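All values reported here derive from a predicted model rather than from experimental measurement. First the proteins, then the strands, lettered A, B, ... as listed; each starts at 1.
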Amino acid sequence: MTADSSKTERYNARAAEPKWQKAWDEAGIYAAKNDDPRPKYYVLEMFPYPSGRIHMGHVRNYTMGDVVARFKSAMNMNVLHPMGWDAFGMPAENAAIDRKVHPKEWTYANIAAMKKQLQSMGLSLDWAREVATCDPSYYRHQQKMFLDFLKAGLVAREYRKVNWDPVDNTVLANEQVIDGRGWRSGALVEQRDLYQWVFKISDYSQELLEALDTLDRWPEKVRLMQKNWIGRSEGLLVRFMLDTATTPSGETELEIFTTRPDTLFGAKFMALAPDHPLATAAAAKNPKLAAFIEECKHLGTSQEAIDTAEKMGFDTGIRATHPFDPSWKLPVYVANFILMDYGTGAIFGCPAHDQRDLDFVNKYGLGNTPVVLPPGQDPATFVITDTAYDGTGTLFNSRFLDGMTIEQAKDEVARRLEKDTRGNRPVGARQVNYRLRDWGISRQRYWGCPIPIIHCDKCGVVPAPIESLPVKLPDDVTFDRPGNPLDHHPTWKNVKCPTCDGPARRETDTMDTFVDSSWYFARFTDPWNEKAPTTPAVANEWMPVDQYIGGIEHAILHLLYSRFFTRAMKKTGHIGMDEPFAGLFTQGMVVHETYRDQAGNWVEPANITIDGMGETRTAKLTTTGEPIEIGSIEKMSKSKKNTVDPDDIIASYGADTARWFMLSDSPPERDVIWTEEGVQGAWRFVQRLWRLVGEVADVTGPQSRPETFGPEAQKLRKAAHRALNNVSEDISRLRFNRCVAHLYEFANALSDSIGSAETAPTPDFAFALREAGDILVRLFQPMMPHLAEECWAALGHTGLVATVPWPQLEAALLVENTVTLPVQVNGKKRGEVTVARDAANPEIEAAVLALDEVKKALDGKSPKKVIVVPQRIVNVVA
RNA sequence: GCCCCUGUGGCGGAAUUGGUAGACGCGCCUGACUCAAAAUCAGGUACCGCAAGGUGUGCUGGUUCGAGUCCGGCCAGGGGCACCA
């Protein structure tokens, strides 16, 4: 056929994309109706923090969600695909300090800018449901739920450790602590206890753990991470009697929690958290101990800081008695690696079978006694020096436990200590412990949801009256000094006590921004309800989210908090289910090469030119030609300047190219490397599809379907339906990189067919070509919606392809009559046989043994065995 | 430190979930078109070897007729760690 593609104009994304975005908008096709009778599908991407500009991570995330939304829509489902803004948080306050902009102004300007960017991507979003968490129309409902949770017993107040900057007199986030010092002041950070509001997530530890098994459309990895985070362990509480002569004020006992009661006869020491009451009491009489505890407070509050710090301890002089031997005394230390939050804040140390304890005794010369003998070891020669043994074995050096397994010994110790009732209470009690701590939500910051509480000297803590909600953030705040602006505000916190009418003050802490993001998915179901956070009947229709998509970095905190919050909302009547997200997908990051100039400064990709390809690539500065060093591939970040601005890409290539490249190559759960060559490849494919569709449009053929199809037509139709089948399957399973590959294959097949067609193809072939063109456009529509519309119009259709149903699969076209089986001899491929699809095994065997390659490999001998795996492979065992 | 993940051509990756390793794309090579370039089109491209043939999925050992895939041990790279969102 004369492909007059030379005449075809290039596809002009810059002109086409806004045109179709306007057409979709005017047709209102992405507005979800709450009373649509079709089956619902709720697809949600994690909403962005309005930092000011979207980045490539957003492009990837929202493109994936959009493909799913458009696909489900083509499958005739009622799709909810909303977008909003996680708009409270620290960066807005930093901007206020650094640039003297009000957080509110900064945030809303950012939202406006980012919304425009998102709209240029051509996402099928229902913008009518947009919410911003910093808006009083959103956070008023959050305050209501806080009060509901309070009434339901889901809220408490507790002392919590925070990072305290003694120079700025302010609380620091972990990320604001750099090498143990405040990021602005440079002062040595110390731990300080603050009285804080917490949500009782730990009441749900067991439930949150068990329900993980029901989340079968979540990645195994995320479920495992949450399981470990909840950290259920079964152990024993043991009361050690103390030598009262050694205790500061006559304390008689110390309760510890252990998961290894079997190693009790290997005990060498006891250790207390630095803030354990017994440690505090002892420190009052021992200045050196007090100094040591003070030193421990300079350790950061992050788990990493605690674990990687050098293990240090201080002997309090207190002595404890071994529960099975009154004459066995153990020294009680204060140690910097014991946490008050976990168990009872005190442990006994068995160094032979715990690495941390072993490091500790080796440092303080306390020695160790192994009590678990690994299988096959000689008890007379088995010693522990630098490496603790935490494997299985049999008990030894342990009196009545000798010879038992670890499990038997744990049980025996528990059994004996439960019966021992010194002080009218059992010495030992079995206990299930969780690592999960209650969720501290108080933040000493301005830009967050105010906690609706009033403190009265007479009445204590009083909830703000419902009718006073929202407790609005005041606009007139200053950031000229460190600390919480709400605290410094001259009048805001002064209110009358709702109970006694006396003078009182507002809670000046605001809520953790994770609270804001723990229910936005429910708010999207009816964001117009002014009276309540949700309209339960509507929320219960839409929820749970069928497909949630976001970064793996949220695998634990955001997702676990949301699971808790949904349960709390159920308990307080705002929603009817336990789990918010039925399906979860965690996508990988967008990464890029890094570049440095001769002085070692990072350089943006936009400012350099790459010469050569493959291994000979060199880079130079576009402006001066200065050579640039090409560095490692890393997550796109401002600090390393290896970012590519989505706006630039959309301006030069169009949104469809950016979307297509994001979906290509890398599996969505893995990192994708952004490369200029890759983008250009995507762009070339956009142009190729446009030319191809142009060629199909030129084919003239019958409007009605022919009775029969010739072999050429049938070959193309098989390729089309194979692609249809594969793309449908892979979109459903979010394997977008495979969808892309299938579409390339199909485009290649269509291209070959057109190339082989005569100038005037037979009517059946012409029909097949046009049909294949239609299918192709409909298949790439979810990924490249603008190009699809343009192509759809070029093919002579009226109306929007975005509203056209997904093609119907003709399953018969997927079946082949013959199969080609690889033939192996001793596991090595030697040839292949083509047989009828339903050929019997003996028939296949005979064909295989007749092959020259097989005869040669067998060298005249007869095979020991022939393994025929139907429709797969044949293996001859010689 | 603890928990989790990943490792396949020059590169991103595919592999019907234990059955032909390298689909598809990028890059590169050759040719066509062009005064030339770009674009486009046709062909080639795991490695060693002229070939026959051999080798090959981070390393190492095992299970199996058969291992990229399952099991044990190691090595390397990455992510999370409760006040970043």
Side-chain angles (χ1 to χ4, degrees), chain A residues 3 5-6 10 46 48-49 51 86 88-91 160 162-163 171-177 196 219 221-222 224-225 227-229 231 301-309 311 337 341 355-356 359 435-445 512-514 516-517 551-558 560-561 588-589 591 613-615 617 634-635 661 664-667 669-673 675 677-678 680-682 684-685 687-688 691 737-738 740-745 748 751 755 820-829 831-832 864-867 869 871-878:
Chain A
S5 58
S6 55
R10 279 200 175 178
M46 291 178 185
Y49 178 78
S51 57
D86 190 11
F88 274 136
M90 250 184 354
R160 277 299 170 87
V162 295
N163 300 304
V171 176
L172 298 176
N174 281 337
E175 74 158 15
Q176 296 173 320
V177 180
Q196 309 234 26
K221 175 181 166 178
V222 174
L224 187 61
M225 282 165 84
K227 187 179 168 200
N228 289 331
W229 190 258
T301 55
S302 77
Q303 193 64 47
E304 188 193 4
I306 293 163
D307 286 346
T308 52
K311 308 288 169 279
F337 56 91
D341 300 313
Q355 191 60 45
R356 209 171 44 179
D359 294 344
R435 210 179 70 98
L436 180 66
R437 304 201 300 256
D438 282 331
W439 173 13
I441 61 154
S442 293
R443 297 292 181 273
Q444 296 68 44
R445 300 183 204 290
D512 179 5
T513 57
F514 274 123
D516 312 341
S517 56
I552 184 71
E553 67 274 19
H554 293 291
I556 298 175
L557 294 180
H558 163 59
L560 193 59
Y561 289 151
M589 297 182 299
V591 296
M613 288 299 162
E615 286 157 65
R617 296 169 77 237
E634 305 200 36
K635 178 179 180 174
F661 176 62
S664 313
D665 292 355
S666 287
E669 68 279 9
R670 261 195 257 168
D671 292 352
V672 61
I673 305 175
T675 62
E677 294 89 340
Q680 282 174 6
R684 277 201 298 271
F685 186 60
Q687 296 301 339
R688 204 178 138 214
R691 280 195 308 274
N737 56 321
R738 301 196 348 166
V740 166
H742 297 312
L743 284 168
Y744 272 113
E745 272 174 314
N748 290 342
S751 198
T820 300
L821 300 177
V823 176
Q824 296 182 331
V825 178
N826 290 335
K828 278 198 166 121
K829 192 194 164 190
E832 41 188 43
K864 285 204 192 101
K865 206 173 4 165
V866 179
I867 294 156
V869 185
Q871 293 180 49
R872 281 281 159 74
I873 201 167
V874 182
N875 192 12
V876 179
V877 186

What nucleotide among [options] has an atom nearest to a side-chain atom of [X]?
| X | options | answer |
| --- | --- | --- |
| Thr513(A) | A85(B), C81(B), G7(B) | A85(B) |
| Asn228(A) | G79(B), C83(B), C4(B) | C4(B) |
| Arg437(A) | C5(B), U55(B), A82(B) | A82(B) |
| Pro822(A) | A14(B), G19(B), U20(B) | U20(B) |

Could you tell me how far [M] sits from [N] if I compare only their [atom1] atoms? Round to whole Å.
| N | M | atom1 | value |
| --- | --- | --- | --- |
| G19(B) | A67(B) | P | 12 Å |
| U40(B) | C26(B) | P | 10 Å |
| G56(B) | C81(B) | P | 42 Å |
| G58(B) | C75(B) | C1' | 7 Å |
| A23(B) | U16(B) | C1' | 12 Å |

Rounded to whole angstroms, how far apart are [atom1] on [X] and [atom2] on [N]?
| X | N | atom1 | atom2 | value |
| --- | --- | --- | --- | --- |
| Leu560(A) | C81(B) | CG | P | 13 Å |
| Met225(A) | G78(B) | CE | C1' | 12 Å |
| Lys828(A) | G56(B) | NZ | C1' | 11 Å |
| Lys829(A) | U55(B) | NZ | C1' | 17 Å |
| Tyr561(A) | G80(B) | OH | C1' | 13 Å |
| Asp341(A) | C83(B) | CG | P | 11 Å |
| Asp438(A) | C83(B) | CG | C1' | 16 Å |

With sequence neighbours excluded, residues passing side-chain contact (heavy atoms from CB on, under 4.5 Å) with [X]:
| X | result |
| --- | --- |
| Asp341(A) | Arg437(A) |
| His742(A) | Asn726(A), Val727(A), Asp730(A), Arg738(A), Glu745(A) |
| Pro91(A) | Tyr49(A), Trp106(A) |

Between the protein and nucleotides 64-74 of chain B, list the N/O to N/O atom pairs that are separated by less than 3.5 angstrom.
from	atom 1	to	atom 2	distance (Å)
C65(B)	O2'	Asn875(A)	ND2	3.2
C65(B)	O2	Asn875(A)	ND2	2.6

Mind checking which stems touch RNA chain B? I mean at least 3 consecutive Watson-Crick or G-U pairs, both distances under 3.5 Å.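 Output for stems: B:1-7 with B:75-81, B:10-12 with B:24-26, B:27-32 with B:40-45, B:46-48 with B:53-55, B:58-62 with B:70-74.
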
Quick one: does [X]'s side chain get under 4.5 Å of [Y]'s, heavy atoms only?
| X | Y | result |
| --- | --- | --- |
| Phe661(A) | Thr675(A) | yes |
| Arg688(A) | Ser751(A) | yes |
| Asp438(A) | Arg160(A) | yes |
| Val869(A) | Val874(A) | no |

Apply the syn/anti split at 90° from 0 to U57(B) and say which one it is.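 Because its glycosidic torsion lies more than 90° from 0, U57(B) adopts the anti conformation.
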
If anything within 90° of 0 is syn and all else is anti, what is G9(B)?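 Syn, angle within 90° of zero.
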
Collect all protein-nucleotide pairs involving nucleotides 24-26 of chain B in which both atoms are nitrogen or oxygen and the distance is under 3.5 Å.
from	atom 1	to	atom 2	distance (Å)
G25(B)	OP1	Asn748(A)	ND2	3.4

